[in-house]
Amino acid sequence: MIAEGDPAMRRLWIGLGTVAALAGVGYAVFEHYKYHIPGIIARWRDPIRPNHPIIWSKGPSTPSAGARPPNIIVILADDLGHNDIGFFGGGVAGGAVPTPNIDAIGHEGASFDIGYAANATCSPSRAAIMTGRYPTRFGFEFTAVPTVFARAVSASEGPAPDGRPRPIFHEERTQGLIDYADMGMPQSEMTIAELLKSRGYHTIQIGKWHLGEARALQPNGQGFDEALGFLAGGGMYMDQNDPNVVNAKLPWDPIDRFLWPNLPYAVQWNGGQRFAPKGHLTDYWTDNAVAAIKANRNRPFFMYLAYNAPHTPLQATKADYDALPQIRDHTQRVYGAMIRQLDRGIGRVMQTLKEQGIDDNTLVIFTSDNGAAWYTGIADGNAPFRGYKATYFEGGLRVPFFLRWPGRIRAETRLAGPAHHLDIFATAAAAAGAPLPADRTIDGVSLLGPADKTIDAAPHGLLFWRSGENKAVRAGDWKLQIAGKPDRQWLYNLATDPTEHRNLAASAPDRVAVMRRLIATHDRMQKRPMWPALVEAPIRIDVPLNTPWRKGQEYAYWSN
């Protein structure tokens, strides 16, 4: 027996205290670094090799005799809001960041006052662009996210102190879940690349894919001859410790906290091993787009140039950041610098078309995958419209939508719309003289009308959006949106209230009933999701994520 005050007892208690302290330190270290674990595992499984040059396949040394179909370039920005460019009279920080090159695409061709994304988040919009079909027709309803990511960003410890609703992680939906790599666009779908390849086009993908990571679902398995980019939803633009980078971390955003320790600064060439790019990714995509255009100037080509800017993580070059001293807020300055760089890169692409003598025979389509994000903390990216990415308010869906083809479309053609991501497939097919596939429903329409002009009427009478319990329909000028959490409905006449501030649902129950039936009919023609939404997150309609929660703020849960 050990007596009280015995040295052995003291040593025992000291030992137990040391173990407890070490356990506490170990737990604290684990809690601090647990977000780093997925990235560490990924780098161990798939190492990142040093940079190496890309040699693009070269077309003929001289152009073939006779007429040839036009080149087609689809330029897609990522989370670029309606008000992030100058074309509509706005711009970042009240117009402090001019976007002359992006604006020029609209001024030198056709622009739509109402341009709609196919979804309010990334992947479903990209699937619609690639296929010309509502992605829900083939079960692509949600943006795929790894389970570890979904679990991490929705973690919470009880009720929020300010009473705001918490994200919901559906652990029960992880049972029997298909592999993350298989969450993508089915091979049974026909892509723009496959359609144009059948017409003799050389097909090129550059930038963000996010339509499946399994080998058969990668760009090279979906009709692209050459592909340079990354397969997942994001990547670092530069090494975050590079002396030429300026970072803006978002401490209020759980997604951002996950991105910084886990996203790689890496790309892939034709699905091969990952390697480090050179410089800032936005410039890297541009450099390679320019090189690919030069290599293919003598044959018809289709290029899908999918920039990941200005999606988080927010990283700008020091030179672009230093060029915007008038923007006081650091986050907004980095964001503006990224758009400045994006605009400059697009200008280089357009200039290359002119230098190579193929400008008049190239159709360029520019848009964004959805509206600006709420989690950046920047309030006015979608002004004057309500809502953000991950909402079906106009701010989440309205995107720039420009077509430029000097040999075919008159400059300064301004159309009301609505135009839609679905229309890109049919427009590319019409430009190439390719018939639309007869074995499936194509939901989009060609935006090309008679020679030397685009269509001059609204191409769509009915448009639908769906993500879980969040659904919307636009019928003429009327738009109905419904949500499941909380159980809400919003009805607006967009002709008289385009910014959606007068909800008419209570005063027009008959119209609500009719539009609900339209949604129900559309739903019956769609497929069940190929994978479930693992997370439901509350998104406030009118304020960004870093704004204090106040009672009475409108919100709706978004499924992802």
Side-chain angles (χ1 to χ4, degrees), residues 57 59-60 63-76 109-110 112 118 125-135 137-138 140 185-206 209 211 219-227 292-293 296-306 353 358-367 401-409 419-455 459-460:
S57 172
S64 57
R68 84 179 207 197
N71 310 305
I72 300 171
I73 301 177
V74 174
I75 302 176
L76 185 65
F112 288 87
S125 280
R126 292 163 194 266
I129 288 171
M130 280 289 108
T131 64
R133 288 156 53 81
Y134 285 111
R137 282 200 185 276
F138 46 92
F140 201 131
M185 188 168 56
Q187 274 205 307
S188 57
E189 291 300 309
M190 176 180 285
T191 68
I192 302 178
E194 289 169 321
L195 178 71
L196 296 180
K197 193 175 173 66
S198 70
R199 303 293 291 184
Y201 278 72
H202 187 73
T203 54
I204 301 162
Q205 182 264 340
I206 296 175
W209 182 239
L211 291 172
N220 299 102
Q222 299 279 29
F224 287 96
D225 295 308
E226 299 179 281
I293 290 169
N296 289 278
R297 65 185 179 275
N298 291 324
R299 63 179 170 186
F301 65 85
F302 166 60
M303 178 181 291
Y304 174 50
L305 176 53
L353 295 174
I358 56 176
D359 185 48
D360 283 352
N361 198 38
T362 301
L363 168 63
V364 175
I365 302 174
F366 174 82
T367 188
F401 205 116
F402 305 148
L403 287 78
R404 180 186 182 275
W405 184 1
R408 180 72 161 72
I409 299 172
H420 194 283
H421 280 166
L422 294 168
D423 303 329
I424 293 175
F425 183 97
T427 301
L436 294 175
D439 62 343
R440 65 198 66 209
T441 299
I442 299 298
D443 296 299
V445 299
S446 172
L447 301 175
L448 296 174
D452 299 326
K453 69 174 185 177
T454 52
I455 56 175
H460 295 285

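With sequence neighbours excluded, the residues satisfying side-chain hydrogen bond (donor to acceptor under 3.5 Å, both in side chains) with T203 are D225. The side chain to side chain contact (heavy atoms under 4.5 Å, CB included) check on E194 picks up M190, T191, Q222, with sequence neighbours excluded. For F366, there are no ring pair (Phe, Tyr, Trp, His ring centres under 6.0 Å) partners at least two apart in sequence or on another chain. Listed by chain and residue number, F87 satisfy the ring pair (Phe, Tyr, Trp, His ring centres under 6.0 Å) test with F402 (two or more places apart in sequence, or in another chain). Take N298 and apply the side chain to side chain contact (heavy atoms under 4.5 Å, CB included) test, not counting sequence neighbours, and it matches P60, P63. Taking the side-chain hydrogen bond (donor to acceptor under 3.5 Å, both in side chains) definition, one finds that E226 meets it with H202, sequence neighbours left out. Contacts of F401 classified as ring pair (Phe, Tyr, Trp, His ring centres under 6.0 Å), with partners at least two apart in sequence or in another chain: F112. Every residue two or more places apart in sequence or in another chain was checked for a salt bridge (charged side-chain N to carboxylate O under 4.0 Å, His left out) with R299, and none qualifies. With sequence neighbours excluded, the residues that form a side-chain hydrogen bond (donor to acceptor under 3.5 Å, both in side chains) with D359 are R404. Legend: residues meeting side-chain hydrogen bond (donor to acceptor under 3.5 Å, both in side chains) with T362, ordered by chain and number and at least two apart, are N71. Residues satisfying the side chain to side chain contact (heavy atoms under 4.5 Å, CB included) test with R199, not counting sequence neighbours, are Y201, A434, P435.
Here the side chain of W405 pairs a donor or acceptor atom with the backbone of D360 at under 3.5 angstrom. Of the possible polar contacts, one joining the R133 side chain to the T441 backbone as a donor-acceptor pair under 3.5 Å is found.
The CG atom of L76 lies 7.5 Å from the CD1 atom of I424; values are rounded to the nearest 0.5 Å. Within the model, atoms OG1 of T367 and CD1 of I75 stand 11.0 Å from one another, a figure rounded to the nearest 0.5 Å. A distance of 4.5 Å separates CD1 in I293 from CG in L353, rounded to the nearest 0.5 Å. To the nearest 0.5 Å, atoms CD1 (I192) and CZ (F224) are separated by 7.5 Å. Put simply, OG1 on T427 and CG on L403 are 6.0 Å apart, with the number rounded to the nearest 0.5 Å.
The two residues A432 and P69 come nearest to each other via the heavy atoms O-CB, 4.4 Å. Smallest separation of non-hydrogen atoms from A127 and L211: N-CD2, 3.6 Å. For G223 against A193, the heavy-atom pair with the smallest separation is O-CB, 3.5 Å. Minimum heavy-atom separation, H420 to A118: CE1-CA, 3.4 Å.
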Could you pull out every donor-acceptor pair under 3.5 Å between side chains of residues 443-451 and any protein atom, sequence neighbours left out?
from, atom 1, to, atom 2, distance (Å)
D443, OD1, R137, NE, 3.1
D443, OD1, R137, NH2, 2.9
D443, OD2, Y134, N, 2.8
D443, OD2, R137, NE, 2.8
S446, OG, L448, N, 3.1

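Between R68 and N361 the shortest side-chain heavy-atom distance falls below 4.5 Å. For the pair T131 and F138, the minimum side-chain heavy-atom distance is below 4.5 Å. R126 is not listed as a side-chain neighbour of M185, based on a closest heavy-atom distance of 4.5 Å or more.
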Practice problem: Check the pair M303 / I206 against side chain to side chain contact (heavy atoms under 4.5 Å, CB included), numbers first and verdict last. | Solution: CA-CA 8 Å; M303 178 181 291; I206 296 175; 4.2 Å; yes
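Under the 30°/60° scheme for interplanar angles, the aromatic rings of F302 and Y304 are found to lie parallel.
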